[in-house]
Amino acid sequence: MTEKLWGGRFSQPTDKFVEEFTASIQFDQRLYRYDIQGSIAHCQMLAKQGIIGVDEADTIVTGLREILAEIERGEFEFSIAREDIHMNVEARLIEKIGPVGGKLHTARSRNDQVAVDVRLYLRDEVDAIRTALGKLRQALLGQAEGNLDVIMPGYTHLQTAQPILFAHHMLAYVEMFARDAGRLQDLRARLNVLPLGAGALAGTTFPIDREWVAQQLGFDGVTRNSLDSVSDRDFAIEFCGFASILMMHLSRLAEELVLWSSADFAFIDLSDGFCTGSSIMPQKKNPDVPELVRGKTGRVYGNLISLLTLMKSLPLAYNKDMQEDKEPLFDTIDTVRGSLKVFAEMIAQMTVNASNMRNAAARGFSTATDVADYLVRKGLPFRQAHEVVGKTVRYCVETGKEIPELTLEEFRQFSKKIEADIFAAVTLEASVNARQATGGTARIAVEQEIARARQTLG
Ligand code: ARG
């Protein structure tokens, strides 16, 4: 009974199982540093405002710092009976410094406390993830720069479409991850406001200084409505939305790496450190890392749906349901951090089989569009050119030839506009380098985008 900080109203102890069932300390203990950081700022504000004595505040702050050290040394005993991180720290504080420790919770509730803890924690994680995203983009850029001559088939419907630079393909992912970084920056701005001061739901009767606390904790401002402050979890949902899109991007890259490292494509080699063998088939080198990241995308989507469903139809303000926000959020953070870390390394170490890519690009009539464009330049409307080249390709299929292997006479069966300069138009290099408009695969355009991406990455 006496263990409970809220025990006053109760005449019977909590059922043991209920105690465990309702506790969150098993998972919210990871918030300890932020809980203490928030408490220190709150306590110093209470003293500054004359709500508690300066000496009292000093004693409390010293006690909190000691608790932080205890936790970091692994000496702190987290207790289920003390329910969550907030009451574990506070109860320990009172244990250490006596009843004065009970003054810390003046003008505060666990409802605004948990909101500030999670915002502080997530803010740090957001910054770490932004850095990790930067490293992944660096790795992709490194591959682009190191393989500027490599031509591969570009696909639509996974059918050979047109030759592209491998670097261009890498840059497509750089773009995706740059948008992800942008989303992270956007959500950080909405996340970075102080909810403390909302109290349980209606505000506080004490003359607190929220703006000062906000400044101490590095927030850009304070929340504007106490009810919303304690019941808003948009920041967690937004983060999981960001994470879902990021994982979707990673899963697409993962899928391509799995395909490309197969014996049938043989476009790339993943370094041994990122693959595993088979217990029965000695020849196997399985791309486990991309497969796992592809798979983990599912749990991140699931976490987003969990949070949205958790918050759906909840009446204002705080509801205990909201304690369930932590595990999906934490799991998302862990999954994203792990996936980014392993991908950045794996991409940096990946090797490219340039000749296999090139050979594949030379198959599948990949320069058919270039023949059509050639005819357009000679005055034929594109639709007619398309028809001419369609017939040419059919002839190639029947005779087992690729487009550049046709003789001029063979070409001219389909259009008299075709002349000897056709051969220069249907090489892989000509095809790639003809696409010079911004965002195209021509080497000059790709080099320009690499420089641009390098600049934004700093
Ligand atoms: N452990 C709680 C949570 O994570 C902290 C807030 C509890 N507030 C309350 N009134 N029971 O949501």
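Start at 1 and go down the list; that is how both ligands and their atoms are numbered.
- Considering Leu93, Leu46, Ile60 as possible partners of Lys103, the one that fulfils the side-chain contact (heavy atoms from CB on, under 4.5 Å) test is Ile60.
- Atoms of ligand 1 found under 4.0 Å from any heavy atom of Ser24 (numbered from 1 in listed order, with element): 1 (N).
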Inset, instruction - List the steps, then state whether salt bridge (Lys or Arg N to Asp or Glu O under 4.0 Å) holds for Arg30 with Glu125. - result: CA-CA 12 Å; Arg30 77 157 78 184; Glu125 292 295 335; 5.6 Å; no

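- Ion pairing between a basic and an acidic side chain is recognised when a charged N comes within 4.0 Å of a carboxylate O; Arg183 and Asp180 show such pairing.
- Ring geometry for Phe267 against Phe265 counts as perpendicular: the plane angle is over 60°, on a 0 to 90° scale with 30° as the lower cut.
- A salt bridge is defined here as a Lys NZ or Arg NE, NH1 or NH2 lying under 4.0 Å from an Asp or Glu carboxylate O, and Glu429 with Arg443 fails to meet this definition.
- Of the protein's non-hydrogen atoms, Asn111 OD1, 2.8 Å is the one closest to atom 8 (N) of ligand 1.
- With Tyr34 as the aromatic partner, Arg123 does not meet the cation-pi criteria of under 6.0 angstrom to the ring centre and within 45 degrees of the ring axis.
- Looking at ligand 1, you won't find any N or O of Glu83 less than 3.5 Å from one of its N or O atoms.
- Ring pair Phe330/Tyr121 is perpendicular by interplanar angle, where above 60° counts as perpendicular and below 30° as parallel.
- Distance from atom 11 (N) of ligand 1 to its nearest protein heavy atom, with residue and atom name: Arg110 NH2, 3.5 Å.
- Atom 5 (C) of ligand 1 has as its closest protein heavy atom Asp84 OD2, 3.5 Å.
- Closest protein heavy atom to atom 4 (O) of ligand 1: Lys326 NZ, 2.5 Å.
- Between His86 and ligand 1, not a single N/O pair is under 3.5 Å apart.
- Protein heavy atom in closest approach to atom 2 (C) of ligand 1: Gln323 OE1, 3.3 Å.
- Atom 7 (C) of ligand 1 has its closest protein heavy atom at Tyr318 OH, 3.5 Å.
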